[in-house]
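Here's the structure, in structure tokens; my notes come after.
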Amino acid sequence: MRPYHVLWACLLSIGLTSHVSAQDELSAQENSDNAVSTNSDSDDKSSQENSSALENEAASKHPRIEALRELKNITKNDLKVNANAAQPDAVKDPLQPLNREIYAFNDMIDRNVARPIAVQYKAKVPGDVRSSYSLFRKNLSEPWNAVNQLAQGRFSRAAKSLGRFTINTVSSLGLADPATRLGLATEEESLGTTLGYYGIPSGPYVMLPILGPSTLRHSVDYVAEGYANPLTYPMDNNHQTGLIWGNRALGGINTRSKLLDVESVLQGDRYSAIRDIYLQRLAFQIAEKKGRGQEAVAFVDDDEDDSNHPTDTNADK
């Protein structure tokens, strides 16, 4: 999905734009200091101290620079971790300084664009229409669910997903869900979940620009699912590309509108709450597919020794 390259450009721009502005400020401050120092050689030591203080002050005003600098401390072992909510922040979220800056960027976009649109969408669009559209999008994901279930060796579950897709498409074009009333419940799947099913570590938690919470393993979902969407191929031409992206944008608004009633639950450090809820949900999904159920996923593991087990895999066994 080449358009997703734009999102990574957003990631770079967050750091680079701040770096440029910080350098401009530092240059102006250094020029001012140099002008003062030429008037009095006896103040050289004081000028150096002031310059250092100004650099520290400028860095504190631009935490994104510091966040980018923190990346040099990341090791290969940090990227091999199997992140879960029970781990300390340093283990599950070694990219936290940068993640928090991206979260702040996403939150700004949400407060000024996404949430106001979602509020109007929920107020103006009837609930039945919103529900039908949600079912339509969910139905489009059933073939990809089946592919992942086949890859997991869960053939009966894959047959149910294909059955759901067939019944719902033939009966209502996916705008209703008679398959559930027939006992064929849906089950979300993704490439990242399939990789986790086979014990591949998730990697650390990452916050993606615009897209939100993820892990290194689940970042591949956005590319894979773009090609897996049934609408991609019959609409794959220059005239209909806008419809594809329009559907994705509307899907994002529709999803955001569903969160309006529960967003007040997040109190305190919203970044940490969103991260731990996301990681716990991923761990539960994989454990459930292995037949372990919710009791297999511990939110807090008192016996865990993170220094000796940096690649803990409790959540995916």
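- Between Asp269 and Arg275, none of the side-chain N atoms (NZ, or NE/NH1/NH2) sits under 4.0 Å from a carboxylate O, so this pair counts as no salt bridge.
- With hydrogens and angles ignored, the 3.5 Å screen pairs no side-chain donor or acceptor of Gln152 with any backbone N or O of Lys290.
- With 3.5 Å as the limit, one finds a donor-acceptor pair spanning the side chains of Glu142 and Asn145.
- Note: Phe136 CZ to Leu173 CG = 8.0 Å, rounded to the nearest 0.5 Å.
- Checking side-chain atoms of Ser171 against main-chain N and O of Ile167 turns up a donor-acceptor pair under 3.5 Å.
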Exercise for the section: Could you give me the CA-CA distance, side-chain angles and deciding distance for Thr215 and Leu279, then say whether side chain to side chain contact (heavy atoms under 4.5 Å, CB included) is met? Expected result: CA-CA 9 Å; Thr215 64; Leu279 292 177; 3.9 Å; yes
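- Note: the hydrophobic cluster containing Leu95 also contains Leu211 (ILVMFWY, side chain heavy atoms under 4.5 Å, direct or indirect links).
- Atom-to-atom distance recorded for Lys80:NZ and Leu216:CG is 13.0 Å, nearest 0.5 angstrom.
- Other residues, nucleotides and ligands place no more than 12 heavy atoms under 6.0 Å from the CG atom of Asp128.
- In this structure a side-chain-to-backbone donor-acceptor pair under 3.5 Å is present from Ser202 to Ala83.
- One N or O on the side chain of Asn106 and one on the backbone of Leu208 form a donor-acceptor pair closer than 3.5 Å.
- Checking side-chain atoms of Lys92 against main-chain N and O of Ala86 turns up no donor-acceptor pair under 3.5 Å.
- The CG atom of Leu282 lies 7.0 Å from the CZ atom of Arg217; values are rounded to the nearest 0.5 Å.
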Exercise for the section: Using the side chain to side chain contact (heavy atoms under 4.5 Å, CB included) rule, take Tyr271 and Asn99 through it: C-alpha gap first, then chi angles, then the decisive distance, then the call. Expected result: CA-CA 9 Å; Tyr271 169 85; Asn99 282 337; 3.0 Å; yes
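- Remark: side-chain polar atoms of Arg130 are paired, donor with acceptor, to backbone N or O of Val125 under 3.5 angstrom.
- Looking at residues two or more places apart in sequence or on another chain, you find a side-chain contact (heavy atoms from CB on, under 4.5 Å) between Ile274 and Tyr103, Tyr205, Pro213, Leu266.
- Residues Leu79 and Pro204 have side chains in contact (heavy-atom distance under 4.5 Å, counting atoms from C-beta outward).
- Looking at every heavy atom in both residues, Ala151 comes nearest to Thr194 through CB-CG2, 4.0 Å.
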Exercise for the section: Would you sort out whether Thr186 and Thr180 count as a side chain to side chain contact (heavy atoms under 4.5 Å, CB included), showing the intermediate values? Expected result: CA-CA 7 Å; Thr186 188; Thr180 294; 5.9 Å; no
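- Grouping the Ile, Leu, Val, Met, Phe, Trp and Tyr side chains by contacts below 4.5 angstrom, directly or via other members, places Leu150 apart from Leu191.
- Between atom CD1 of residue Ile102 and atom CG of residue Asp107 there is a gap of 13.5 Å, rounded to the nearest 0.5 Å.
- The environment of Lys138 atom NZ is sparse: at most 12 non-hydrogen atoms of other residues, nucleotides or ligands sit within 6.0 angstrom.
- Within the 4.5 Å cutoff, the side chain of Leu135 has no heavy atoms near those of the Leu175 side chain.
- A single hydrophobic cluster is not seen to contain both Trp144 and Leu162; linkage of ILVMFWY side chains at heavy-atom distances under 4.5 Å, directly or through other members, places them apart.
- Not a single donor-acceptor pair under 3.5 Å links the side chain of Ser132 to the backbone N or O of Val129.
- A distance of 5.0 Å separates CZ of Arg157 from CD of Glu187, quoted to the nearest 0.5 Å.
- A salt bridge is defined here as a Lys NZ or Arg NE, NH1 or NH2 lying under 4.0 Å from an Asp or Glu carboxylate O, and Arg154 with Glu189 meets this definition.
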Practice task
Report the C-alpha separation of Ser272 and Arg100 in whole Å, then their side-chain angles, then the decisive distance to 0.1 Å, and conclude whether the side chain to side chain contact (heavy atoms under 4.5 Å, CB included) test is met.
Solution key: CA-CA 9 Å; Ser272 295; Arg100 283 187 177 273; 3.3 Å; yes
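- Ion pairing of Arg256 with Glu263 is present here, as a side-chain N (NZ or NE/NH1/NH2) and a carboxylate O approach within less than 4.0 Å.
- Put simply, the side chain of Arg115 reaches to within 4.5 Å of the side chain of Leu260, judged on heavy atoms.
- Hydrophobic clustering places Val113 together with Tyr121 (ILVMFWY residues linked when any side-chain heavy atoms are closer than 4.5 Å, directly or through intermediates).
- Taking the side chain to side chain donor-acceptor pair (under 3.5 Å) definition, one finds that Asp221 meets it with Ser190, sequence neighbours left out.
- Gln87 contributes a side-chain N or O that, together with a main-chain N or O of Asn84, makes up a donor-acceptor pair within less than 3.5 Å.
- In this structure the side chain of Asn168 reaches within 4.5 angstrom of the side chain of Pro178, judged on heavy atoms.
- Follow the hydrophobic side-chain contacts under 4.5 Å out from Phe165 and you never reach Leu184; the two are in separate clusters.
- Taking CG from Leu98 and CD from Glu101, the interatomic distance works out to 7.5 Å, rounded to the nearest 0.5 Å.
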